K.L.:
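Can you keep this structure in mind? I'll have questions shortly.
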There are 2 protein chains.
Amino acid sequence: MNARDDSKPLALPALYEQVAERLRARIYAHELAPGAWIDEQALADEFGISRTPMREALKVLAAEGLVVLKPRRGCYVAQMSERDLDEIFPVLALLEGRVAEEATRRLASADDGSRRPANSDFERLAALHAELERHAAANDADRFFEINQAFHETLQELAGNRWLSHLINDIRKFVKLTRRDSLRLEGRIQQSLVEHRAILAALERRDASAAAHAMHDHILSGRAALSQLMKGS
Amino acid sequence: MNARDDSKPLALPALYEQVAERLRARIYAHELAPGAWIDEQALADEFGISRTPMREALKVLAAEGLVVLKPRRGCYVAQMSERDLDEIFPVLALLEGRVAEEATRRLASADDGSRRPANSDFERLAALHAELERHAAANDADRFFEINQAFHETLQELAGNRWLSHLINDIRKFVKLTRRDSLRLEGRIQQSLVEHRAILAALERRDASAAAHAMHDHILSGRAALSQLMKGS
DNA sequence: GCGGATAATACTGTATCCATAATTATGAAC
DNA sequence: GTTCATAATTATGGATACAGTATTATCCGC
């Protein structure tokens, strides 16, 4: 999150950024497995670039926590410990709860305040939720998670705190390391859906406190689901 | 914060890390002023290194938000906007409040639970606070801020959530951009001291909720102080 | 046969070099 | 005199080459 980022929408991303994005995708897909060593030269060759932008990209990923740089030893894909999960999720719940709270307040103040299209923001959220219901019914996990992310992002946008969003995104980048595992959870989607309904209901009632609590519990519920999984495997 | 970082304590930091650290110091000291262009070549020459580690260091600082990388335009020191302050401090207050809350709980559970030296952790905090009182009396702003930081770090350590600490540290890295300004605030030290007393009192009473609130207000008070300053200048 | 030491190999980390793009200065035209 | 266009300069971004260190394998000694 840059303090000054009001540059023109053009300005294509630098090569190292593109490389970082491709690496993230591979890590999330577990094509680069947690704990695996990253062969700079091999990957650079594969991408058709030199080691320089590859190394710069790895520095960025290291700052994000997706990889671990061991001096003179090379670069390894990060792996989450149980302790990491125990520490991250409560914080994420705290932050996401605040987002829900702020977003609800914005909805409420938009109700009586401005003259703009009556609660169009809420309609957007409701539409996304409806999509969630559909994908859940179709048992389409990938689409569900995609729309789920869109829902949370829309809420963040509504809350209007870029730094809050920034921190959440940083955390989520790391949590995504378990995305593959999360997708394997049968029943989690239904549970998630129930929780989302509670969030949406609180939003509709403009009950900021309830929205915050519902979101908070929703996040912690996600962590509990991961616990189940790890215990089983 | 690395998921796997249990490497040997040796392994000296890579050159780019050292460079990043030196750059941070210069930025905080406003030797590299907010908004200023960073001349890679000149700085590399000055440090007696090549541009490669310098560029890698800048990538790291960019990830931290301390500098802004404009493609094909170079690197500029970040500058905080009023909006940044308005968005950051409430989040920081939220997180630091949680730290105080958790730390207090740890103190409380250590009281009846374990057999170890009776509330030695609290004594450490009390000792740091006593130092704060001394430096405040001597009007030694630099030392005050140093010990203040130590106090907050000790509290984080006590809270025992590495990710919570990690996020706070990330934010503080950025907030430090205004450190020079904060130091110029006459009267802020006395105010800060009063708030610290409230925090310490809550800790002593093992009142987690009060500690959280006191810390929360303490952080927001810091932001209010910066407001005053900006209005004046 | 096993353990330690040494040498070879391979990868990280740093430096140098080249190309491309952006900015600025200079000159010409209106 | 001002503005626009073009050229030159300068810095960024990327590639390649080199050095240093860690790891591993092999050989010698016990």
Side-chain angles (χ1 to χ4, degrees), chain A residues 2 4-24 26-27 32-33 35-78, chain B residues 2 4-24 26-27 32-33 35-78:
Chain A
N2 295 332
R4 283 276 163 249
D5 198 6
D6 37 6
S7 52
K8 302 294 176 282
L10 44 137
L12 69 161
L15 183 54
Y16 82 93
E17 272 293 353
Q18 303 175 40
V19 173
E21 194 52 41
R22 292 184 67 175
L23 287 177
R24 282 190 203 101
R26 290 212 175 187
I27 290 174
L32 291 171
W37 173 63
I38 295 180
D39 189 332
E40 289 180 5
Q41 187 69 52
L43 270 177
D45 289 346
E46 187 182 332
F47 287 177
I49 59 172
S50 78
R51 278 180 56 219
T52 309
M54 174 64 64
R55 286 174 56 82
E56 291 176 346
L58 289 176
K59 296 280 182 303
V60 172
L61 294 199
E64 291 173 0
L66 286 185
V67 300
V68 177
L69 254 33
K70 301 189 178 183
R72 286 280 166 201
R73 294 292 309 273
C75 185
Y76 297 80
V77 179
Chain B
N2 295 332
R4 285 276 162 248
D5 200 6
D6 38 7
S7 53
K8 301 294 175 284
L10 42 137
L12 69 159
L15 184 54
Y16 82 93
E17 270 293 354
Q18 302 174 40
V19 173
E21 194 52 41
R22 292 183 67 175
L23 287 176
R24 283 190 203 101
R26 291 212 175 187
I27 289 174
L32 291 171
W37 173 64
I38 294 179
D39 189 332
E40 290 180 3
Q41 183 76 335
L43 271 177
D45 290 346
E46 187 181 332
F47 287 177
I49 59 171
S50 78
R51 276 181 55 220
T52 309
M54 174 64 64
R55 285 175 53 191
E56 291 177 345
L58 290 176
K59 297 282 183 303
V60 172
L61 294 199
E64 291 173 359
L66 285 184
V67 300
V68 178
L69 253 35
K70 301 189 179 181
R72 283 284 170 196
R73 293 291 307 273
C75 185
Y76 297 80
V77 179

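This one's a predicted model, so the numbers in the text were calculated from it and none came from an experiment.
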K.L.:
Rounded to whole angstrom units, what separation is found between the OH atom of B:Y16 and the C1' atom of C:dG13?
P.N.:
11 Å
K.L.:
Nearest-Å distance, OH (B:Y76) to C1' (D:dT12)?
P.N.:
11 Å
K.L.:
In Å and rounded to the nearest 0.5 Å, what is the CD1 to CG distance from B:I38 to B:L23?
P.N.:
6.5 Å
K.L.:
Measure the distance from CE on A:M54 to P on C:dC11 and round it to the nearest whole Å.
P.N.:
15 Å
K.L.:
What is the distance from CG of B:D39 to P of D:dG13, rounded to the nearest Å?
P.N.:
13 Å
K.L.:
Return the value, rounded to whole Å, for the distance between atom CG of A:L69 and atom C1' of C:dC11.
P.N.:
13 Å
K.L.:
OP1 or OP2 of C:dA22 sitting under 4.0 Å from any side-chain N/O of B:W37?
P.N.:
no
K.L.:
Separation of B:E56 atom CD from C:dG13 atom P, in whole Å?
P.N.:
8 Å
K.L.:
Tell me: CG of A:L58 to P of C:dT14, nearest whole Å?
P.N.:
14 Å
K.L.:
Out of curiosity, B:R51 CZ to B:L43 CG, how far, rounded to the nearest 0.5 Å?
P.N.:
12.0 Å
K.L.:
CD of A:Q41 versus C1' of C:dA10: gap in Å, rounded?
P.N.:
11 Å
K.L.:
Just compare C:dA15, C:dA22, D:dG20 and give me whichever is closest to any side-chain atom of B:R73.
P.N.:
C:dA22
K.L.:
I'd like to know if B:R51 reaches the base of D:dG13 with its side chain such that a donor and an acceptor end up less than 3.5 angstrom apart.
P.N.:
yes
K.L.:
Does D:dG14 have its OP1 or OP2 closer than 4.0 Å to a side-chain nitrogen or oxygen of A:T52?
P.N.:
no
K.L.:
Kindly compute the distance separating CZ (A:R55) from CG (A:L69), expressed to the nearest 0.5 Å.
P.N.:
8.0 Å
K.L.:
Suppose we call a contact any N or O donor and acceptor under 3.5 Å apart; does that hold for the side chain of A:R72 and the base of D:dT21?
P.N.:
no
K.L.:
Quick one: pull up SG in B:C75 and CG in B:D39 and give me the separation to the nearest 0.5 Å.
P.N.:
11.0 Å
